[in-house]
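Data first, discussion second: the structure below is written as structure tokens.
Computed from a predicted structure; not experimentally measured. In what follows, chains are A, B, ... by sequence order, proteins preceding strands, each numbered from 1.
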Protein chains: 2
Amino acid sequence: MLLRIDPASSQPLYDQIADDVRRQASAGTLRAGDRLPPAREVAEALDVNLHTVLKAYQLLRDEGLVEMRRGRGAVVSAHAAALAALRDDALALAARARELGVGVEAVAALVRAAAEES
Amino acid sequence: MLLRIDPASSQPLYDQIADDVRRQASAGTLRAGDRLPPAREVAEALDVNLHTVLKAYQLLRDEGLVEMRRGRGAVVSAHAAALAALRDDALALAARARELGVGVEAVAALVRAAAEES
DNA sequence: TGAAGTGTTATAGTTCATCTATAACAACTG
DNA sequence: CAGTTGTTATAGATGAACTATAACACTTCA
């Protein structure tokens, strides 16, 4: 499993890692039952601290995307299917936003606002 | 014009202010030609520093939603219509996410990822 | 023309999230 | 039992966010 981060980004590293996992879950690259690589392994591969990776994993656990246990690791839950179900709509919205010249930040903010509104 | 922020939120204050303006533009409450309240006024109303408000305004300027000039203030640009055009799609996506039990953070991240993918 | 209102820039300091480093601990696997 | 993994604890460094104050430049309007 390949994870990428951009150390120069203003987005926190743990958010970038969590985003990457969400992305792969929505794309179907990661499915229920799949195991995330051990945090220590990811930390070394990305040249990042263990805690940074664990914080990302814990975010994903808090939102139900993965289940974690000592000794066993982090396993993708059935919740991944829900993300996959949203993929097409998210892509459509993003494409429409691009046509209209609306930037990433703005459209993400729009969805955040819509989520709180509904 | 009413702006709201949550000082306890982990989201930066300037992001909250910018989000609020984007929200009102997408809802049609703010339209092209409308003027944002003076930054000093907003700062006092929200009990926040002038610079914090200006940073929000400058974010909005960078994405083309408002135009700013000394002495004149910040005026909403024609770009507001683009946000309004996305509103229904954003609401639909948010509603669908809610049905599926997908949290705000996750769906926003999904859209971010989709925007970079397309 | 001058006064008031506005964004812009500059400087400096405080606070807190982020990230790192190290270590020990607890649960699971084989 | 030994190895793997997440969990917890402690401590420190760095930088973004926020504040405070002040001066500056452009616009508007009386």
Side-chain angles (χ1 to χ4, degrees), chain A residues 1 3-21 30 33-77 79 105 109 112, chain B residues 1 3-21 30 33-77 79 105 108-109:
Chain A
M1 179 185 176
L3 289 173
R4 285 181 212 162
I5 58 172
D6 174 15
S9 167
S10 66
Q11 192 182 20
L13 298 176
Y14 60 81
D15 265 342
Q16 293 186 48
I17 295 171
D19 273 7
D20 218 340
V21 173
L30 276 177
D34 288 349
R35 188 178 166 194
L36 297 187
R40 283 177 176 81
E41 189 177 304
V42 173
E44 191 178 10
L46 299 181
D47 195 26
V48 149
N49 192 271
L50 166 66
H51 291 341
T52 304
V53 179
L54 283 176
K55 182 154 186 180
Y57 280 18
Q58 282 152 8
L59 278 182
L60 297 170
R61 179 191 56 189
D62 290 348
E63 65 188 50
L65 183 55
V66 304
E67 288 160 3
M68 295 167 72
R69 291 218 176 158
R70 293 175 180 169
R72 268 201 238 167
V75 177
V76 177
S77 77
H79 204 72
E105 294 306 314
R112 255 198 312 271
Chain B
M1 180 187 176
L3 289 172
R4 284 182 213 162
I5 57 171
D6 174 15
S9 167
S10 66
Q11 192 181 19
L13 297 177
Y14 61 82
D15 265 340
Q16 295 184 47
I17 296 171
D19 273 7
D20 218 340
V21 173
L30 276 177
D34 288 350
R35 188 178 163 192
L36 296 187
R40 282 176 176 83
E41 189 179 302
V42 174
E44 191 178 10
L46 298 181
D47 196 25
V48 149
N49 192 271
L50 166 66
H51 290 342
T52 305
V53 179
L54 282 176
K55 181 154 184 180
Y57 280 17
Q58 283 154 8
L59 278 183
L60 297 169
R61 179 192 56 189
D62 289 348
E63 65 190 49
L65 183 54
V66 303
E67 287 160 4
M68 296 167 71
R69 291 217 177 160
R70 291 176 180 167
R72 270 200 235 166
V75 178
V76 176
S77 77
H79 204 71
E105 294 306 314

Would you kindly give the [atom1]-to-[atom2] distance between [X] and [N], to the nearest whole Å?
X     : N      : atom1 : atom2 : result
A:E44 : C:dT22 : CD    : P     : 14 Å
B:I5  : D:dA17 : CD1   : P     : 15 Å
A:L60 : D:dG6  : CG    : P     : 13 Å
B:L50 : D:dC24 : CG    : P     : 17 Å
B:N49 : C:dT11 : CG    : P     : 17 Å
A:E41 : D:dT5  : CD    : C1'   : 11 Å
B:D47 : D:dC18 : CG    : P     : 13 Å
A:L13 : D:dA16 : CG    : C1'   : 14 Å

key: Nearest-nucleotide 5' precedence on DNA chain C, B:H51 against B:Y57   = B:Y57
remark   = DNA chain C nearest-nucleotide lookup for B:G71 and A:R40: closer to the 5′ end is B:G71
query = Heavy atoms under 4.0 Å, any strand shown: does B:L54 hit a base, just sugar-phosphate, or nothing?
reply = base
Any side-chain N or O of [X] less than 4.0 Å from the OP1 or OP2 oxygen of [N]?
X     : N      : answer
B:R69 : D:dT28 : no
B:T52 : D:dA17 : no
A:K55 : C:dT18 : yes
A:R72 : D:dG6  : no
A:R61 : D:dT7  : yes
B:Q58 : C:dT8  : yes
A:Y14 : C:dT18 : yes

ask   = Between atom CD of A:Q58 and atom CZ of A:R61, what is the distance when rounded to the nearest 0.5 Å?
value =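 CZ of A:R61 is found 5.0 Å from CD of A:Q58.
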request  = Mind checking the CG-CD spacing from B:N49 to B:E44? Nearest 0.5 Å is all I need.
outcome  =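 If I round to the nearest 0.5 Å, the distance is 12.5 Å.
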key: Base C:dG5 to side chain B:R70, donor-acceptor N/O within 3.5 Å cut-off   = no
ask   = In terms of heavy-atom contacts, does CD of A:Q11 have more than 12 from other residues, nucleotides or ligands at under 6.0 Å?
value =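 For A:Q11, atom CD is crowded (more than 12 foreign heavy atoms under 6.0 Å).
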query = Is the number of heavy atoms from other residues, nucleotides or ligands under 6.0 Å of A:D6 CG greater than 12?
reply =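 Enclosed: over 12 neighbouring heavy atoms sit under 6.0 Å from CG of A:D6.
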request  = Grab the two heavy atoms, one from B:V66 and one from B:Y57, that are nearest each other, plus how far apart they are.
outcome  = CG2-O, 3.8 Å
